[in-house]
Structures are given as C-alpha cells and as structure tokens.
Amino acid sequence: MIKPSPPQTIAELMQRVEAISGLTLGDLATQYQFKSPEHLLREKGWPGQLLEYVLGASAGSKPVPDFELLGIELKSLPIDYAGKPLETTYVSVVPLTNLTGIRWANSTVKKKLNHVLWLPVLAERDILPVDRTIGSGFLWQPSSAQQAALQRDWEEQIELIALGRVDEISGHLGQVMQIRPKAANSRVTTDAIGPAGKIIKTLPRGFYLKTNFTQSILMQEFKA
DNA sequence: CTTTGATCATGG
DNA sequence: CCATGATCAAAG
C-alpha cells in the first residue's frame, strides 16, 4: 500500500475520513504497513502519526497545518466509553521570549485552531492500541464564544509570561486552555523572561485544550 | 536541538 | 478518580 497523497479538496479529505470510521488503528496499520506497538509507553504519538499518514497529511514538524493545501489541522481525540475526552489536547509551544507586541490575533494558537479536523478514537486504557476504534471525524471552526474563551486564557497567561512570571504558571490556570510542560523531561530548559526582565532558564511549555473544552466541541457536534 | 505527535503516571 | 506535571519517539 503506497503512501496516500495530500487530499486536494475538503470533500476528498472527508471522504477518506468517513472511509476509516469504524476501523481500528490496527486495521490501518496492517493495511499501510505501519508498525503496531503493543503499548504506547514508548510511542505516545503513534495514533496521530498513523492517522496523519493514512489521510495524507504532510509529515514532519513544520509550522504549517497538517493539510497545508486546505489549511486544516488534524487532531486525534482519545475518548472513553462514554464519549468523553481522556486527555487534554496539545496545541502549540508557548512563546517565552520576544513577547513585545505579541497579540492573540497573530498567535500560533489562533492559527492552529482556525480549522481543525477532529478524529475521535475510542482509547480506553484497557483496549490495546491496535484494537482502538476510529470514530466519526468532523471539521470544526471555533465559534465567536469559543474564540473569546480561548483569547481570555491566552491573554491572561501570556501576560504573566511577559511580566517575567512564567514560573508562577501551572496547569491550574485557564478555563478552557492551560499551559503545561512540553519537553523530553523535566531537566530540559529554554530561555524565558524572568523577574526584573532578565533572561532565565525554564522548562519549555505548551498550550493544551482542557477536556471540558474538547468535550463541549464533541457535544456540539454529536448531541444536537 | 526544537517541534509535533501525544500519553503516562502519580499526588491530592 | 482525575488533572497536573513528566515523559518518549520521529523528523527536520
């Protein structure tokens, strides 16, 4: 099975999404000769990488949407038997320096979340990775209310960072989007603005969507 | 070395 | 039980 090429239209993308709904990750891995890990202890990104490949997303760690031509970002969303998200959703790296003049309107968070293809995967821990079933993927763009909530959390936390208070930030902040560590381990450091405006070393951070927010997106899509 | 893909795992 | 803090592999 050859590597799928990037979908040229949204219709083509959604056709592929519908085609894999109901299949397991193991089905796809076999079909596309992808590895099938027994557990995700050492390959936490496996579901996302497999789904990207199968749907024809551009590979790699580039600052562009997964489906560059369509401007769409792919996010797999692990859910439990009740359809609730099991994990927060990583969005992007948090900028910790050169924050002068930075604004929500130009932020990486806003860009990344402008148009998202959510792909739910039934991923309870007692289901082997290969046996996890893919659900119905759907396109989403934030409503004005959702945008506003994201903007509030972004501005509140970015302001703390700009004021040199990054080390006061914890995962408890934010109503719908939080900042948490995003690194290989807790010894990794990067530059940040410290107290008195001096550059300090701190743990790299990422923005994550809280499960209450992604759950509301699922409700909006599947309840009504 | 950094970003992207995320999930793991323990303290509260 | 669950969210926060910690962690892992691939790829550029």
Side-chain angles (χ1 to χ4, degrees), chain A residues 3 25 28-29 32-68 72-98 107-109 111-113 116-132 134-135 137 153 157 160 166-192 201-216:
Chain A
K3 178 182 172 67
L25 297 179
L28 292 182
Y32 290 90
Q33 302 181 320
F34 229 76
K35 69 164 80 173
S36 297
E38 291 183 30
H39 56 70
L40 302 181
L41 288 175
R42 297 191 174 280
E43 289 167 87
K44 301 180 179 182
W46 179 72
Q49 286 156 1
L50 172 63
L51 291 167
E52 279 191 343
Y53 183 90
V54 167
L55 294 177
S58 340
S61 53
K62 296 181 294 185
V64 295
D66 296 308
F67 302 102
E68 192 170 358
I72 292 172
E73 179 77 13
L74 173 65
K75 288 292 180 192
S76 69
L77 187 59
I79 57 173
D80 66 14
Y81 294 119
K84 282 182 46 182
L86 282 163
E87 296 285 350
T88 55
T89 301
Y90 172 70
V91 179
S92 65
V93 169
V94 177
L96 300 176
T97 57
N98 303 317
S107 68
T108 57
V109 171
K111 286 190 179 67
K112 287 233 179 186
L113 298 182
V116 176
L117 170 60
W118 293 103
L119 203 42
V121 177
L122 180 57
E124 289 274 8
R125 295 274 265 265
D126 62 8
I127 305 175
L128 292 174
V130 291
D131 291 332
R132 296 182 181 175
I134 300 160
D153 286 347
Q157 294 173 95
L160 276 178
V166 63
D167 286 335
E168 294 177 36
I169 290 179
S170 78
H172 298 91
L173 296 178
Q175 298 303 302
V176 300
M177 185 172 67
Q178 63 185 172
I179 288 178
R180 302 219 311 280
K182 176 62 171 165
N185 58 62
S186 60
R187 285 139 257 139
V188 177
T189 61
T190 191
D191 286 348
K201 288 293 187 181
T202 192
L203 192 53
R205 318 297 170 94
F207 283 111
Y208 295 80
L209 299 179
K210 300 184 69 169
T211 53
N212 63 354
F213 187 70
T214 48
Q215 182 177 10
S216 72

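Numbered from 1 within each chain, the chains take letters A, B, ... in sequence-line order.
The distance between atom NZ of A/Lys3 and atom C1' of C/dA11, rounded to the nearest whole Å, is 12 Å. Atom CD1 in A/Ile169 sits about 14 Å away from atom C1' in C/dT4, given to the nearest Å. The CG atom of A/Asn185 sits 15 Å away from the P atom of B/dT3 (whole-angstrom rounding). Look at CG on A/Asp191: it is 12 Å from P on B/dT3, rounded to the nearest Å. If you take CG of A/Leu74 and C1' of B/dA6, they are 12 Å apart, rounded to a whole angstrom. In this structure, CG of A/Asn212 is placed 14 Å from C1' of C/dT4, rounded to the nearest angstrom. Between the CG atom of A/Leu128 and the P atom of B/dT7 there is a distance of 15 Å, rounded to whole Å. We find that CG of A/Asp66 is positioned 12 Å from C1' of B/dT3, with the value rounded to whole Å.
At distances below 3.5 Å, at least one donor-acceptor pair connects side-chain atoms of A/Arg205 with backbone N or O atoms of A/Leu203. Under a 3.5 Å cut-off, the side chain of A/Asp80 and the backbone N or O of A/Leu86 do not form any donor-acceptor pair.
Using a 4.0 Å heavy-atom criterion, one finds that A/Ser170 contacts the sugar-phosphate atoms exclusively. A/Ala183 comes within 4.0 angstrom of a base, heavy atoms only. No contact: A/Lys84 has no heavy atom under 4.0 Å from any strand. Contact annotation for A/Thr88: base contact, defined as any heavy-atom pair under 4.0 Å involving a base atom. A/Pro204 comes within contact range of no nucleotide atom at all, as no heavy-atom separation falls under 4.0 Å. Nucleic acid contact for A/Arg187: sugar-phosphate only, since backbone atoms but no base atoms lie under 4.0 Å from a heavy atom of the residue.
Looking at A/Lys75, its side chain has no donor and acceptor atom pair within 3.5 Å of the base of B/dG5. Taking 3.5 Å as the limit, the base of B/dA6 and the side chain of A/Tyr208 contain a donor-acceptor pair of atoms between them.
Distances shorter than 4.0 Å separate some side-chain N or O of A/Arg125 from OP1 or OP2 on B/dC8. Between A/Lys112 and B/dT4, a side-chain N or O to OP1/OP2 separation shorter than 4.0 Å is present. Contact annotation: A/Gln49 does not reach the phosphate of C/dA9 (side-chain N/O to OP1 or OP2, under 4.0 Å).
Ring pair A/Tyr90/A/Tyr208 is perpendicular by interplanar angle, where above 60° counts as perpendicular and below 30° as parallel.
Residues A/Leu86 and A/Ser186 both approach DNA chain C. Their nearest nucleotides, taken by heavy-atom distance, put A/Leu86 toward the 5′ side. Take the nearest nucleotide of DNA chain B for A/Arg180 and for A/Thr189: the residue whose nucleotide is more 5' is A/Thr189.
Checked against C/dA6, C/dA3, B/dA6, the side chain of A/Ser76 finds its nearest nucleotide in B/dA6. The side chain of A/Lys35 lies closest to C/dA10, out of C/dA6, C/dA10, C/dA3. Distance from the side chain of A/Glu87 is smallest for B/dC8 among the nucleotides B/dC8, C/dG5, B/dG5.
A/Ile169 and A/Gln157 get closest at one heavy-atom pair: CD1-O, 3.7 Å. Listed here is the closest heavy atom pair of A/Pro129 and A/His39: CG-CA, 3.9 Å.
Ion pairing of A/Lys35 with A/Glu43 is present here, as a side-chain N (NZ or NE/NH1/NH2) and a carboxylate O approach within less than 4.0 Å.
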Can A/Lys75 and A/Thr89 be said to form a side chain to side chain contact (heavy atoms under 4.5 Å, CB included), step by step?
-> CA-CA 8 Å; A/Lys75 288 292 180 192; A/Thr89 301; 3.9 Å; yes
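Partner of A/Thr202 under the side chain to side chain donor-acceptor pair (under 3.5 Å) criterion, chosen from A/Asp167, A/Thr190, A/Asp191: A/Asp167.
Across residues 39-46 of chain A, A/Leu40, A/Leu41, A/Lys44, A/Gly45 each have a non-hydrogen atom less than 4.0 Å from an atom of DNA chain B (numbered order).
Other residues, nucleotides and ligands place no more than 12 heavy atoms under 6.0 Å from the CD atom of A/Gln175.
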